[in-house]
There are 2 protein chains.
Amino acid sequence: MKFSKIPTATITRLSIYSRYLESLSQEGVKIIASDKLAQKCGINPAQIRKDLAYFGEFGIRGVGYFVKELLFEIKRILGLNKTWKMALLGIGNLGSALLAHQNFIRQGYEFVAVFDVDPAKVARRVPSGQIIHHMDDLEKVVREKGVEIGVIATPAAKAQMAALRLIASGVKAILNFAPIQLQVPEGMAVENVDFTVKLDNLAYNLTMGEG
Amino acid sequence: MKFSKIPTATITRLSIYSRYLESLSQEGVKIIASDKLAQKCGINPAQIRKDLAYFGEFGIRGVGYFVKELLFEIKRILGLNKTWKMALLGIGNLGSALLAHQNFIRQGYEFVAVFDVDPAKVARRVPSGQIIHHMDDLEKVVREKGVEIGVIATPAAKAQMAALRLIASGVKAILNFAPIQLQVPEGMAVENVDFTVKLDNLAYNLTMGEG
DNA sequence: CCATATTTGTGCATTTATACACAAGAGGCG
DNA sequence: CGCCTCTTGTGTATAAATGCACAAATATGG
Ligand SMILES: NC(=O)c1ccc[n+]([C@@H]2O[C@H](COP(=O)([O-])OP(=O)(O)OC[C@H]3O[C@@H](n4cnc5c(N)ncnc54)[C@H](O)[C@@H]3O)[C@@H](O)[C@H]2O)c1
Ligand SMILES: NC(=O)c1ccc[n+]([C@@H]2O[C@H](COP(=O)([O-])OP(=O)(O)OC[C@H]3O[C@@H](n4cnc5c(N)ncnc54)[C@H](O)[C@@H]3O)[C@@H](O)[C@H]2O)c1
């Protein structure tokens, strides 16, 4: 892997930069300096320049960065010059909100297949149009549709099993919303979204602030 | 602040430990060793012991940790020996899913007030019972109910304004679901939950894996 | 065409985080 | 009671991430 030495924190920040560049681009702003970008992203300006330096020289000294060009480059680096195909497992409260979310497709992520086990849900159509498949058909559908990323929004107790099914189907990347640590083999990419962890951080900060 | 030198990564991990300890506790497991805990949380065992060592000695050499005791201590450290009062701003797809989520209250977080600006929603009751207040009443209601944590689930374009309103009302901690970096004064605690950042990390990993 | 004002790209120091490896302590067993 | 086994707690090494500070490069204006 050519770029294997890039800090993961850098990738996360690139994603944040791209989000702000996107909005600048829409506002018609042509050029941005690392100082301004840094301030808006809450990051040190030298950090931004260093993050970009891992991948090339995208700026002009004395000027700054061309917004559109930088955005294009960052998206290329992150692998967003294509649409990624996702499967959603668990069409409950959270899963439905994810499906309704318009930003994903705008940013290059599409739910091409959705799954549940609830007989009351399977075979129905969700508002965004997809038919809910039963988990039993996961492997078949995943392969047919070319799913690349699995999104787990099942109850926590079912999440590990869901992950195993995804892995068995050849999926190499998982976004996990269940509040457990998934056990996966080497080579899998797993990202967790755990709201409670964030809340716990806030609670700790508030507690410390007082004594 | 007495504990101000604790790494933020430690706090995040404590939260993860507590999640697993909770499930162990429910299964009736009495004792756990750092090795096992480490494996389940995907963390180095020495790291766990060091994390705990910041706050005291909770284990017994040659034995391990008493699950209930350790869980209690971690919760105390994080400030979870009380129920935190939250306000939710924006009762859309995501906000509704958050309200429907049962785990929050179980883990010590309660939505005591909810807000929106949509006339079709204001003054109605959400399924979990709260009446939707108008944003105009934010300050008044926040003070009345003693809100400590603000949760922002408004459209991105309204998130910064929502944050300012929370700050003006005396709220010191914000959980932000909008995909923007909030600009807040010193002393505020802000945590962002940005799904797309996580997806971008996955996309990058998948892209690298191939070339 | 030179002087000046900017802002990038980067070497280096510093801080922060992670991991190894082992001494110290606790329990069990003969 | 002494020996053996186990697991913690931690000193120390290593690695990763951050941030300062400045030289290099570009634009502008007289
Ligand atoms: N709702 C939230 O705001 C929220 C917040 C944080 C975390 N989470 C986590 O997200 C997950 C989903 O939460 P939710 O509120 O949507 O729960 P939910 O109960 O509303 O939905 C879960 C869905 O998963 C389906 N399901 C059950 N077993 C399944 C299986 N084996 N395979 C596929 N689907 C299965 C259920 O039929 C249901 O439709 C949970 O793990 C929860 O802890 C949710
Ligand atoms: N739905 C998802 O899965 C998802 C995923 C990632 C991020 N997000 C982010 O979460 C936020 C909410 O997403 P959503 O899907 O629920 O959107 P939504 O459009 O369904 O809901 C937004 C709600 O906010 C209300 N609102 C608008 N202006 C407001 C204001 N000034 N103050 C208070 N409330 C206001 C609207 O009336 C609406 O009820 C967005 O920022 C979105 O980018 C959502």
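Chain naming here is simple, since letters A, B, ... match the order of the sequence lines and numbering starts at 1 in each.
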Select base, sugar-phosphate, or nothing to describe what A33(B) touches, counting heavy atoms under 4.0 Å on all strands. sugar-phosphate
Using a 4.0 Å heavy-atom cut-off, does A53(A) contact any base of the nucleic acid, only the sugar-phosphate backbone, or nothing at all? sugar-phosphate
Please state whether the phosphate of dT7(C), meaning OP1 or OP2, lies under 4.0 angstrom from any side-chain nitrogen or oxygen of S34(A). no
Does a side-chain N or O of Y54(B) approach OP1 or OP2 of dA17(C) to a distance below 4.0 Å, or not? no
Looking at DNA chain C, which of residues 188-202 of chain A put a heavy atom within less than 4.0 Å of it? none
Between T10(A) and K50(B), whichever has its closest DNA chain D nucleotide further toward 5' is K50(B)
Whichever of G62(A) and G59(B) has its nearest DNA chain D nucleotide further upstream toward 5': G59(B)
Minimum-distance nucleotide (side-chain atoms of [X] versus [options]):
| X | options | result |
| --- | --- | --- |
| E57(A) | dC22(C), dT10(C), dA26(C) | dT10(C) |
| R49(A) | dG9(C), dT18(C), dA21(C) | dG9(C) |
| I60(B) | dT10(C), dT18(C), dG27(C) | dG27(C) |

Would you grab the first and last nucleotide of DNA chain D (5' to 3') that comes under 4.0 Å of any non-hydrogen atom in chain A? dA17(D) to dA27(D)
Should [X] and [Y] count as an ion pair when the cut-off is N to O under 4.0 Å?
| X | Y | value |
| --- | --- | --- |
| E148(A) | K82(A) | yes |
| E73(A) | R76(A) | yes |
| K145(A) | E110(A) | no |

So do the side chains of L71(B) and Y17(B) get within less than 4.5 Å of each other, counting heavy atoms only? no
Taking the side chain as C-beta and beyond, is there a heavy-atom pair between K85(B) and I149(B) under 4.5 Å? no
Look at the rings of H133(A) and F115(A) and say which category their plane angle falls in: under 30° parallel, 30 to 60° tilted, over 60° perpendicular. tilted
For a quick check under 3.5 Å, do N93(B) and S96(A) share a side-chain donor-acceptor pair by atom type? no
Whole Å only: how far is the CZ atom of R61(B) from the P atom of dC22(C)? 16 Å
